[in-house]
Amino acid sequence: LRTQDPEAVRALPLETGAARRDLQSSSDACHYVSVSGSTYQTSYHGLWETTGTCSSNSKPWYECIDCSASGQKMWYYGIWWILGYAGCDSGSGGIFSPSDSDGDLAAVSGTWEEAAGGGLVANSEISVKCYAAESCQLVPGTTAKYRCFDCADASALASVGDGQGDAANN
């Protein structure tokens, strides 16, 4: 049972469907996570940073560094990634991942769900994208704004990281 409030009940089994994911496959790709696309839980949109690990399962714990509301967290609970306010030992939140029995956020596929009207609704537009630390840079002149880059869609992927600037990859 995953709940936002006592009336929000998750239907099992998960509906099948393809969420827009665009995730890197490396297990270390989730130092930062961007979240977008929800309809009802837009306060969770933003860039999230790993700030520690949960003692109950040794999985990363994230905090949002530029969401519209403060105090938001992302953690792994049971077989789901949850975005909410409670933290590691809670199944309560506003956005929930598809089943992820391995706890590998970078490899999650399927449709995410969000709390709406006392229940949960599937939303294939929710995008959760992972970035390795070296892919994110502090924006000059700021203290909390980061810009993250993903080279997976480069048109000349074989030349990424070769020390040469390729206009086709910009």
Side-chain angles (χ1 to χ4, degrees), residues 2-5 7-51 59-88 90-133 135-137 139 142 144-155:
R2 301 178 296 160
T3 61
Q4 165 86 4
D5 58 50
E7 297 177 34
V9 178
R10 184 186 177 327
L12 292 174
L14 287 169
E15 293 181 14
T16 59
R20 280 187 353 217
R21 302 292 303 153
D22 303 319
L23 296 178
Q24 299 174 14
S25 60
S26 168
S27 63
D28 65 350
C30 288
H31 293 113
Y32 292 91
V33 179
S34 66
V35 175
S36 63
S38 67
T39 302
Y40 304 101
Q41 300 294 324
T42 58
S43 66
Y44 292 101
H45 293 182
L47 186 65
W48 298 69
E49 180 178 32
T50 305
T51 57
K59 298 295 182 190
W61 163 287
Y62 300 87
E63 292 189 22
C64 191
I65 57 178
D66 65 355
C67 290
S68 62
S70 62
Q72 296 173 327
K73 299 163 184 63
M74 181 187 314
W75 65 96
Y76 184 74
Y77 180 80
I79 58 170
W80 297 282
W81 286 94
I82 300 175
L83 286 72
Y85 291 94
C88 291
S90 175
S92 179
I95 297 178
F96 303 88
S97 77
S99 175
D100 179 15
S101 59
D102 296 328
D104 185 359
L105 181 59
V108 172
S109 63
T111 301
W112 289 64
E113 296 177 329
E114 61 183 317
L120 293 173
V121 296
N123 184 343
S124 63
E125 294 300 311
I126 295 174
S127 176
V128 177
K129 188 170 185 172
C130 293
Y131 296 95
S135 299
C136 295
Q137 300 170 2
V139 174
T142 70
K145 291 195 179 248
Y146 287 80
R147 185 173 297 137
C148 298
F149 304 92
D150 181 0
C151 297
D153 292 329
S155 60

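We use all heavy atoms of the structure for the numbers below, so side chains are in, but hydrogens, waters and symmetry mates are not. Counting from 1, the numbers follow the sequence of the chain as shown.
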Using every non-hydrogen atom in the two residues, find where [X] and [Y] come nearest and quote the distance to one decimal.
X	Y	result
Val121	Ala116	CG2-CB, 4.0 Å
Asp66	Gly46	OD1-CA, 3.2 Å
Ser68	Ser43	OG-CA, 3.3 Å
Thr39	Glu114	N-OE2, 2.9 Å
Gly93	Ala115	O-CB, 4.3 Å
Leu83	Trp75	C-CZ3, 4.3 Å

With heavy-atom distances below 4.5 Å as the criterion, would you say the side chains of [X] and [Y] are in contact?
X	Y	result
Met74	Trp61	no
Val33	Val128	yes
Asn123	Trp112	no
Leu47	Cys64	no
Val108	Pro98	yes

So how far is it from [X] [atom1] to [Y] [atom2], rounded to the nearest 0.5 Å?
X	Y	atom1	atom2	value
Ser36	Ile126	OG	CD1	9.0 Å
Lys59	Thr50	NZ	OG1	12.5 Å
His31	Cys130	NE2	SG	10.5 Å
Ile79	Ser99	CD1	OG	3.5 Å

Item checked: Intermediate values then yes/no, side-chain contact (heavy atoms from CB on, under 4.5 Å), Ser34 and Tyr131 -> CA-CA 8 Å; Ser34 66; Tyr131 296 95; 3.7 Å; yes
Next item on the list: May I ask you to check whether Tyr32 and Glu49 show a side-chain donor-acceptor distance below 3.5 Å?
Entry: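 Present: a donor and an acceptor within the cut-off.
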Checklist line | Polar contact flag, side-chain donor to acceptor under 3.5 angstrom, Ser38-His45 | finding: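 Present: a donor and an acceptor within the cut-off.
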Notebook entry, point to check: Between Tyr76 and Trp81, is the gap from one ring center to the other below 6.0 Å?
Noted result: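 That pair passes the under 6.0 Å test.
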Note to self: Has Asp100 got a side-chain atom pairing as donor or acceptor with Trp80's backbone, closer than 3.5 angstrom?
What the structure shows: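 Side chain of Asp100 to backbone of Trp80: no pair is present.
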Notebook entry, point to check: Is there a donor-acceptor pair closer than 3.5 Å between any side-chain N or O of Lys73 and the backbone N or O of Gly71?
Noted result: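 Between the backbone of Gly71 and the side chain of Lys73 there is a qualifying donor-acceptor contact (under 3.5 Å).
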Note to self: Quick check on side chain to side chain donor-acceptor pair (under 3.5 Å): which of Tyr62, Tyr85, Trp48 does Gln72 satisfy it with?
What the structure shows: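 Between Gln72 and the candidates, side chain to side chain donor-acceptor pair (under 3.5 Å) is satisfied uniquely by Tyr85.
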